[in-house]
There are 2 protein chains.
Amino acid sequence: MRLHQADPLDMSHQPKLATVHYRQQLRDLGYRCTRPREAVLCTLLETDRPMTASEVFDRIQQDCTRIDLATVYRNLHMLLDLGLVMQLSFAHESQFRYAWSERRGHAQYVGCVQCGEIVSLPVPSLRRLKQFIRNKTGFLVNLQSFELSGLCPDCQ
Amino acid sequence: MRLHQADPLDMSHQPKLATVHYRQQLRDLGYRCTRPREAVLCTLLETDRPMTASEVFDRIQQDCTRIDLATVYRNLHMLLDLGLVMQLSFAHESQFRYAWSERRGHAQYVGCVQCGEIVSLPVPSLRRLKQFIRNKTGFLVNLQSFELSGLCPDCQ
DNA sequence: TTCCTTGCAAATACTTTGCAGACTG
DNA sequence: CAGTCTGCAAAGTATTTGCAAGGAA
């Protein structure tokens, strides 16, 4: 494993370590590996917190990589279609957030309606809840994306 | 209990039974009882399914009551501030829904991402889930509004 | 008569789309 | 070189706001 040493003003011109694995995967699927696309992928991969499109956009700009918001949205949707990211919606937030979906086991989140902090929920299994809902309503719920809102310890 | 018989083309010119109780409540709080305001209140009160602002708007228009979308939003927020309605957000939906909040015991919903059907969840108590989250994250979650998404029986 | 509410119109926020040029493979 | 992808600009959708006229108490 080699360390990636980059010019701080030019960080994302080189593919980041984490993305290397996905470059081939994308190519195999017939997608091209462009700088903006990798920047989006990278950003999501490097960030724990589910991000809004404009947060992704801002982060990429900070790295001095030019990108357009529309491109961020387009790539987010491409990754969504591929199942590589998931789209989350928290109560009281009027925009979507996106998170890398390979982080199984902590794909559930709780967000604070006051300060906006978001933490992942280490729920080992919500199988019982799922089964309960299945029995009562017949719905097959997707607890893969499971967002709750409340107050974080600081804001209570 | 008397049945409310109304001209189908002129339904909401008379206050509906269900709202009579709230008219005084609003006045006591210093709010005026206007026709548009009552129409919003009524609509929410009469509908089981959580509605978007424009669904409320459409429904009111159908009753031949003129109203402006902005007025719907303003009243929805007023009712929200009073705690009379709650704001819900379902995954994959890019707009809020509003539901009368006095319907305790079925304030939890499951929506179908395919056909849009929404059913309420007769969860007797999610106290255990709440406690679990409290222990793990310190967050005090609001399960009062609790929206899940999945596939309804028909769409599976 | 007071002043809260409304309708209308315009503004804002988030997201999507069309198109011509740029870039990947 | 072919076809995908991007930036830019404009459109679309959801929601909010300013303001003068209208209506409730």
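Please read all numbers here as calculations on a predicted model, not as lab measurements. Order of the sequence lines sets the chain letters (A, B, ...), proteins ahead of strands, with each chain counted from 1. Atoms considered below: every heavy atom in the structure, side chains included; atoms not considered: hydrogens, waters and symmetry mates.
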Short side-chain to backbone donor-acceptor contact, B:T65 and B:Q61, under 3.5 Å: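 The answer is no, because no donor-acceptor pair under 3.5 Å joins these two groups.
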Net bend of the helix from C:dT1-D:dA25 to C:dG25-D:dC1, end axes of five pairs each, nearest 10 degrees: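 Its terminal axes enclose an angle near 30°.
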Between atom [atom1] in [X] and atom [atom2] in [N], what is the gap in whole Å?
X: A:L69; N: D:dA10; atom1: CG; atom2: P; value: 16 Å
X: B:D58; N: D:dT13; atom1: CG; atom2: P; value: 14 Å
X: A:R35; N: D:dT4; atom1: CZ; atom2: C1'; value: 17 Å
X: B:E38; N: D:dA24; atom1: CD; atom2: P; value: 10 Å
X: A:Q61; N: D:dT6; atom1: CD; atom2: C1'; value: 14 Å
X: B:R97; N: D:dA14; atom1: CZ; atom2: P; value: 11 Å
X: B:R37; N: D:dG23; atom1: CZ; atom2: C1'; value: 12 Å
X: B:D68; N: D:dG18; atom1: CG; atom2: P; value: 16 Å

Salt bridge A:E93-A:R97, side-chain N to carboxylate O under 4.0 Å: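 Judged by the 4.0 Å cut-off on N to carboxylate O distance, A:E93 and A:R97 do form a salt bridge.
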5'-most by nearest nucleotide on DNA chain D - B:Y31 or B:F96: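 Whichever sits nearer the 5' end wins; that is B:F96.
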Along DNA chain D (nearest heavy atom to each residue), the more 5'-positioned of B:A53 and B:R27: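 The residue mapped nearer the 5' terminus is B:A53.
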Any A:T34 side-chain N or O less than 4.0 Å from OP1/OP2 of D:dT6: yes
Between [X] and [Y], is any side-chain donor less than 3.5 angstrom from a side-chain acceptor?
X: A:R27; Y: A:Q24; answer: yes
X: B:N135; Y: B:Q131; answer: yes
X: A:E147; Y: A:Y109; answer: no

Contact boundaries on DNA chain C for chain A, cut-off under 4.0 Å to non-hydrogen atoms: C:dC14 to C:dG25
Polar side-chain contact A:R66-D:dG7 base: donor and acceptor under 3.5 Å: no
Sugar-phosphate, base or nothing in reach of A:I67, heavy atoms under 4.0 Å: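 Contact class for A:I67: sugar-phosphate only.
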Strand-adjacent residues in residues 71-81 of chain A, judged by heavy atoms under 4.0 Å from DNA chain D: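 Per residue number, the list reads A:T71, A:R74, A:N75.
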Between atom [atom1] of [X] and atom [atom2] of [Y], what is the distance when rounded to the nearest 0.5 Å?
X: A:L76; Y: A:R74; atom1: CG; atom2: CZ; result: 12.5 Å
X: A:L140; Y: B:C155; atom1: CG; atom2: SG; result: 11.5 Å
X: A:L148; Y: A:C112; atom1: CG; atom2: SG; result: 13.0 Å
X: B:F96; Y: B:T52; atom1: CZ; atom2: OG1; result: 12.5 Å

Passing option when A:M78 is tested against A:L84, A:L26, A:V40 for side-chain contact (heavy atoms from CB on, under 4.5 Å):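 Output: one option passes, namely A:L26.
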Side chain of B:C33 - closest among D:dA2, D:dG7, D:dA25: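 Of D:dA2, D:dG7, D:dA25, D:dA25 is nearest to the side chain of B:C33.
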Nearest heavy atoms of A:L88 and A:A99, plus distance in Å: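 Residues A:L88 and A:A99, closest heavy atoms: CD1-CB, 4.2 Å.
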Heavy atoms from other residues, nucleotides or ligands near CZ of B:R66 exceed 12 (cutoff 6.0 Å): no
